[in-house]
Amino acid sequence: MSTTTKHLKPRDMARSADVLSPVDDLAALPAPYDANGLEPGFKEPKEQWAAEHCASLDGFIALDTLKRPETKEEEDEFVRRFLVGLEKLFQDANRNAVQPLALTMEYCAKCNTCSSACHIYEAANGDEIYRPSFRADVLRRMYKRHFTPSGKYLGNFVGADVEVNWESIARLGESAYRCNLCRRCGQACPMGLDNGLVAREIRKLFSQELGIAPTPVHAKGTELQLRVGSTTGLTRPALLDTLEFIEEDIEEQTGRKVKFPIDKEGADVLLLHNAGEFIAWPENPAAFAILLDEAGVNWTLSSELMGYDGVNYGAWYDDVQLKKIATAQFEVAKKLGVKRIVVGECGHAHKALGVSADRLTESGDKVPVESFIPLMAELVRTGRLKFDPKKNDFPVTLHDPCNVVRQMGIVMPQREILRAIAPQFREMTPHGVDNYCCGGGSGFAIMNSYNFGDFRNKVSSRKKFEQIINAFGDEFSDPDVVKFVCAPCSNCKGTIRDILKDFKVTKNYNVHYGGLVDIMVNGLASMERPYFEFLRD
């Protein structure tokens, strides 16, 4: 953290500066990454990026659709629309968030307990702009300046001192994308306030009122999913071809003939994957199929539009998009007549369909939603799946996806499974509801526009990388010891993949990653061949 930016005030968000608070002082990583020169540097931003977008917060650009106005009239209109949206945030129309938002705005004691809970603030050695309450304070002062009598008439004397102009609004929008929405700050707050919610509400304002959201999240995410069925662009014919390929791969690798049940009416379970698994990690849907087949579960996949991708990026930035997708997913389940939806290894899909959709959709639209983790734990507990733990006799640690663990309270079933199948399982510190976010939550895992990937891999993921190193202790540096990070979430896996690649962790130290169902299949007593192939290139 620069000494010149150490004492930034909320009102500084409106002042002129090329970069308000550059990232130039990151927390040290544990050995062997404290002095081995393997940490990659930041890519230099191009001048054109700053000329067209807002790079003046910290030098990074998340909002690639936020363009600088070309005229004074355009800027005035931008400010006007922002103020209209800001007022709406605190009205009854925002019924799902207005009460906790108002409480966070009114009752923050400025104790800064949230700061020590924030992995990004800690990773940046206490950079003021990453303090969770700083972002909320900027929003509070903007609102007070324009929508309260004291703020209108007394201004700076009552703390309504953040000027609302294009730069301050744009920096606020960028600031909302320096938060993973992991809600660790909300859990730590002694007043029960939620600065993570504030970041999400700012994102919502930008999307719903200004039409501004990151391209990978909205145009290449939500809009693509609504149009073709998946955020990956995977169409129904492509899905069917992919499933056939995976079936062939299962037989070739394991000797088993496993068929994916597709569009089976009246099944007990409709399994919803993150469709990214079919493309990037086909071994994951394969593992689900092997386990459910062996346990004799009555299940199905859907090939209907909106029925084979559990993703719902609206959970990160836009209530309207969230509702559209969740309603369509429920419709598919109702049409098939399944008893319940089981969400696979996708953390934000758990939250979107299992928690948020309950508040946004009508009661008649819903189908019971469960996580795959308790289901798998039950299959292990009751002996419907049998294991040979010696097959997983290597160091294993567990990453807790924020949306599954902290926000849904699913903590012990995954540990019950790992203790039964992995003799060398060890916890990260901290873990469970106190876990640190992988750094890729709330869209970061898929956001690589301009130089934002650097922020994710070096800043927001820093505490998670530290945890991974520390979890394996002295074994981390031994390249002859295979080490495995179990991450039961697609976004988390994508982020951990990028960490291991950028820091050359797999190549140098033999650390690997994968899902919970993957290591379960590797440990099945009935498996004649290993499911894992630990490659280091």
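With contacts defined as side-chain heavy-atom distances shorter than 4.5 Å, the pair C111/P190 qualifies. In this structure, the side chains of R203 and L181 come closer than 4.5 Å at one or more pairs of heavy atoms. Inter-residue side-chain proximity for M142 and V138 is flagged as met; some heavy-atom pair is nearer than 4.5 Å. Contact of the M408 side chain with the V404 side chain is not registered, since no non-hydrogen atoms from C-beta on lie closer than 4.5 Å. Counting heavy atoms from C-beta on, the side chains of M105 and V198 come closer than 4.5 Å. Counting only heavy atoms from C-beta outward, the side chains of D64 and F452 never approach each other to under 4.5 Å. Side chains of V343 and E370 form no contact here, defined as non-hydrogen atoms less than 4.5 Å apart. Side-chain atoms of C438 and P401, non-hydrogen and from C-beta on, never get closer than 4.5 Å to each other.
Residues meeting the side-chain hydrogen bond (donor to acceptor under 3.5 Å, both in side chains) test with N274, sequence neighbours left out: none. For E167, the side-chain hydrogen bond (donor to acceptor under 3.5 Å, both in side chains) partners are S56, R68, not counting sequence neighbours. With sequence neighbours excluded, the residues forming a side-chain contact (heavy atoms from CB on, under 4.5 Å) with K220 are T215, listed by chain and number. For R81, there are no salt bridge (Lys or Arg N to Asp or Glu O under 4.0 Å) partners, not counting sequence neighbours. The side-chain hydrogen bond (donor to acceptor under 3.5 Å, both in side chains) test applied to K72 returns D76, not counting sequence neighbours. Taking R178 as the reference, D58, E174 meet the side-chain hydrogen bond (donor to acceptor under 3.5 Å, both in side chains) condition, with sequence neighbours excluded.
When ring centroids are compared, F455 and Y130 come within the 6.0 Å threshold. If you look at Y317 and F206, their ring centroids are not closer than 6.0 Å. Annotation: F60 is in aromatic contact with F42 [ring centroid separation under 6.0 Å]. Aromatic ring centres of F90 and F147: separated by at least 6.0 Å. Ring centroid separation for the pair Y450 and H53 comes in under the 6.0 Å cut-off.
Under the 3.5 Å distance criterion, the side-chain polar atoms of R462 are matched with a main-chain donor or acceptor of A27. Judged by distance alone, with hydrogens and angles left aside, the side-chain atoms of Q208 form no donor-acceptor pair with the main-chain N or O of K204 at under 3.5 Å. In this structure, the side chain of T148 engages the main chain of K144 through a donor-acceptor pair within 3.5 Å. Remark: side-chain polar atoms of R11 are not paired, donor with acceptor, to backbone N or O of V162 under 3.5 angstrom. A distance-only check finds a donor-acceptor pair linking the side chain of R184 to the backbone of A117 [under 3.5 Å]. A donor-acceptor pair is defined here as one N or O able to donate and one able to accept, closer than 3.5 Å; such a pair exists between the side chain of H348 and the backbone of N312. Counting only distance, with no hydrogens or angles, the side chain of S442 and the backbone of C179 share a donor-acceptor pair below 3.5 Å. No donor-acceptor pair under 3.5 Å is formed between the side chain of N457 and the backbone N or O of I499. The backbone N or O of A357 sits less than 3.5 Å from a side-chain atom of T361, completing a donor-acceptor pair. Panel note: side chain D309, backbone S230; no donor-acceptor pair is recorded below 3.5 Å.
By the neighbour-count criterion of 12 heavy atoms within 6.0 Å, atom CD of Q99 is sparsely surrounded, having that number or fewer from other residues, nucleotides or ligands. More than 12 non-hydrogen atoms from other residues, nucleotides or ligands lie less than 6.0 angstrom from CD of E106.
Classification of R15 and D12 as a salt-bridged pair holds, one side-chain N sitting under 4.0 Å from a carboxylate O. A salt bridge links R140 with D137: at least one charged nitrogen is closer than 4.0 Å to a carboxylate oxygen. Electrostatic pairing of E163 and R141 does not count as a salt bridge here, judged by no charged N lying under 4.0 Å from a carboxylate O. Classification of K88 and E209 as a salt-bridged pair holds, one side-chain N sitting under 4.0 Å from a carboxylate O. The residues R236 and E304 are annotated as not salt-bridged, no charged nitrogen and carboxylate oxygen being separated by less than 4.0 angstrom.
Between F503 and F465, the angle of the ring planes lies from 30° to 60°, which puts this pair in the tilted group.
At a cut-off of 3.5 Å, with distance as the only test, no side-chain donor of K464 or H119 sits close to an acceptor on the other residue. For the 3.5 Å distance criterion, the side chains of Y177 and W316 fail to qualify, holding no donor opposite an acceptor. Side-chain contact annotation: N284 with E345, donor-acceptor N/O pair under 3.5 Å present. Between the side chains of S461 and R456, no donor-acceptor pair is found at a separation under 3.5 Å. A donor and an acceptor atom, one from each side chain of Q187 and D434, are located under 3.5 Å apart.
Here the closest heavy-atom approach between residue A487 and residue C492 is recorded as CB-CB, 4.4 Å. The two residues L336 and S302 have their closest heavy-atom pair at CD1-CB, 4.0 Å. Nearest heavy atoms, Q225 versus T231: OE1-CG2, 3.5 Å. In terms of heavy-atom proximity, G151 sits nearest to A160 at CA-CB, 3.8 Å. Taking each heavy atom of C402 and N435 in turn, the nearest pair found is SG-ND2, 3.8 Å.
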Apply side chain to side chain contact (heavy atoms under 4.5 Å, CB included) to L240 and Y308, showing your working.
-> CA-CA 11 Å; L240 297 177; Y308 54 88; over 6 Å; no
Between L398 and M428, does a side chain to side chain contact (heavy atoms under 4.5 Å, CB included) hold up when you go through it step by step?
-> CA-CA 7 Å; L398 173 66; M428 292 185 182; over 6 Å; no
H273 vs L301, side chain to side chain contact (heavy atoms under 4.5 Å, CB included): CA-CA, chis, key distance, verdict = CA-CA 9 Å; H273 288 293; L301 296 177; 3.9 Å; yes
Chi angles and distances behind the side chain to side chain contact (heavy atoms under 4.5 Å, CB included) call for E128, K9 = CA-CA 8 Å; E128 190 69 20; K9 303 295 183 185; over 6 Å; no
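Note that the CE atom of M13 and the CG atom of D161 stand 12.5 Å from one another [nearest 0.5 Å]. With rounding to the nearest 0.5 angstrom, the CG atom of L272 is 5.5 Å from the CD atom of Q329. Rounded to the nearest 0.5 Å, atoms CE (M191) and OH (Y107) are 8.5 Å apart. For the atom pair CZ of F82 and CG of N165, the computed distance is 10.5 Å after rounding to the nearest 0.5 Å. The OH atom of Y121 sits 8.5 Å away from atom CG of D127, with the distance rounded to the nearest 0.5 Å. In this structure, CG in N195 is found 6.0 Å from OG1 in T104, a value given to the nearest 0.5 Å.
Among the candidates D318, D319, D194, the single residue satisfying the salt bridge (charged side-chain N to carboxylate O under 4.0 Å, His left out) test with R200 is D319.
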